[in-house]
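Only one structure is covered here, and it is reproduced in the block below.
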Amino acid sequence: MLKKTHLAIFLCASSLFSTASNALEKVDLLIKNAAVLTMNEDKTIFQQGLVAVKGNKIIAVTNGEDIKNYQAETIIDADGDIVMPGLINTHTHASMTVFRSLADDVPDRLHRYIFPLEKKLVSRDMVRIGAQLGNVEMLKGGVTTYADMYYFEDEVAKTVDKIGMRAVLGESVIKFPVADAENAQQGIDYALNFINEYKDHPRITPAFAPHATYTNSTETLQKITKLSLQHDVPVMIHLAESERENQVIAERSGGKSPIAYMAEIGALTPNLIAAHVINADDNDIALLKKYDVGIAHNMSANIKSAKGVAPIIKMQEQGLRIGLGTDGPMSGNTLSTIDEFNQVAKVHKLVNQDRAAMPPVDVIEMATIGSARALHMEDKIGSLEVGKLADIIIIDTKAPNMVPVYNPYSALVYSAYAANVKHTIVDGKVLMHHRKMLTVDEDAIRSEALQFADKVRKTVIESGEIVQ
Ligand SMILES: [Zn+2]
C-alpha cells in the first residue's frame, strides 16, 4: 500500500509536465530544487540544481536552469535539501547486527568471545536475519553500497538483491573450522561457488575475504591472490590491525611487518581492499601505493578497541585509495558512515595536533568518491556525474540539528545524524522515501532480529558464557 501511495504522489507531481511537447527529454526520475554536492573532481556545488536519471544512470546534473527541458515519470522536489552521492561503507560484517552490544568492552574480545560465539550461533538463518537488519540500517543512514566480509555470503547476497542495494560481498576464509567450512580450502571452495553464482549480478560483486594474515597460512593467501586475479574479483582482508598480528607475522617472516610480508608473498595487488591498516610506517604506505591497494578506514571501531589511529593523512599525501568503513556492528557499533564523519574529522585533528587537519570536505570525499576508489568502482559510483549509476541520497536540512547550512560539508560532518537521510535511491530506484522502506518490510525484519536476540540471550548470556 505504501509503495502505491508514494507512486501516486510522484505521478501527480509529474502531471505538471503532461502538456509538454515531444521535444522534451523524457527521464525516469528528476530531483529538483536541490543543493547538489556533486563530489566531482572540481567539487562543484549547485545551490538550486537538478539531477536527472534515466534507467539506472545519471543523465544530467545541472544548476537547474534547464528544468523545463525534462519530462519526468517521477519527481522529487528536494526543497533546498542536500542531494549527494550515496554513501559507501567499505568495510563491515552486516550479519553481526544480531550480536550488537554484546560484551562491548572486554579485552581480547575477538579470541575470547567473538570466535566462540560465532562457532555456536552462526548459521544460514543468522546470516540472513542479521544482514536484513544491517541493510535497513544502512539504507536509512544513506549507505547505498557496502563491502561485507562474513560467512554464508550467498545469504547476504539474497538480501542485497531483494532490498535493491549495491554490495561487494566477500566470503570469509579462515584456517580453523567455522559455520560454513571445516578449513581454509573449504572456505576457498565455498567462495568459488559463490563467485560463480554471482559474477554477472548487476549490483553484487562477489569476492574472497581471507580474515587476516595471522588467521591464514601463506599458502592460503597466495592461493586466494592467484584465484582473485584469475577471476578478476576483489580480495578483502583485515590488515595491519593488531599487536597479535604483528607478532605472528614477524615470527613467520623473519621480522617483517604484515604489509611487507603481504608484498613479499605476492598478495598485495590492485584487487586487494585492506581494512584498518593502523600499523603502517612510511615503507608500508609506499608498498600500498605501489600495488594500488584500497584502504577501508574504520575510525570508531579502531578507537573503541584502543588499537590506534590509522595514518590516514600520510596516506592521503601519498595519493592512496582511501574509503570509510564502519567495521561490524559488534565493533563500530553502527553501520552508517555518517556516524563516522564527526570522529574521523576530530580524531585526526587531535592526533596530528592540527585544527586544520582533515577538513569536512576531505571526510565527505572519503565517504563517497574516495570509498568508490577504495573499491575500484570510481568509474561507476561515488559522485553525481553524467554516465554514473544513480545512487543518490537526500539529506533533510530542515531538521533542527541542520539549521542553518552555511557550509554543506561542515553541516554533514559536524551536525548530521544518520536519521537526517530523507530519501535513498540506488540504481535509479527509490528504496527509501521519507524514511519509509519501499522494498522490504522493516517491521518484519526487526521482529526476526528480536526473535534471534532471544536465542542469543538463552544460549550465551543466561548460560554465563558471555559476561555483560
Ligand atoms: Zn572487520
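Each ligand, and each atom within it, is numbered from 1 in the order the structure gives.
R355 places no side-chain N or O within 3.5 Å of a backbone atom of K349 that could act as its donor or acceptor partner. At distances below 3.5 Å, not a single donor-acceptor pair connects side-chain atoms of H433 with backbone N or O atoms of H423.
If you look at the Zn ion (ligand 1), the protein N, O or S atoms less than 2.8 Å from it are H91 NE2, H93 NE2, H238 NE2, D327 OD1.
Checked options V178, D154, I195; the residue passing with Y190 is D154 (criterion: side chain to side chain contact (heavy atoms under 4.5 Å, CB included)). Of the candidates T159, V440, L335, V136 forms a side chain to side chain contact (heavy atoms under 4.5 Å, CB included) with just one, namely V440.
Counted within 6.0 Å of CD on Q185, heavy atoms from surrounding residues, nucleotides or ligands total more than 12; the atom is thus considered enclosed.
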Subject >> Criterion side-chain hydrogen bond (donor to acceptor under 3.5 Å, both in side chains) on S95 and Y151, from CA distance to verdict >> reply: CA-CA 9 Å; S95 299; Y151 310 101; over 6 Å; no

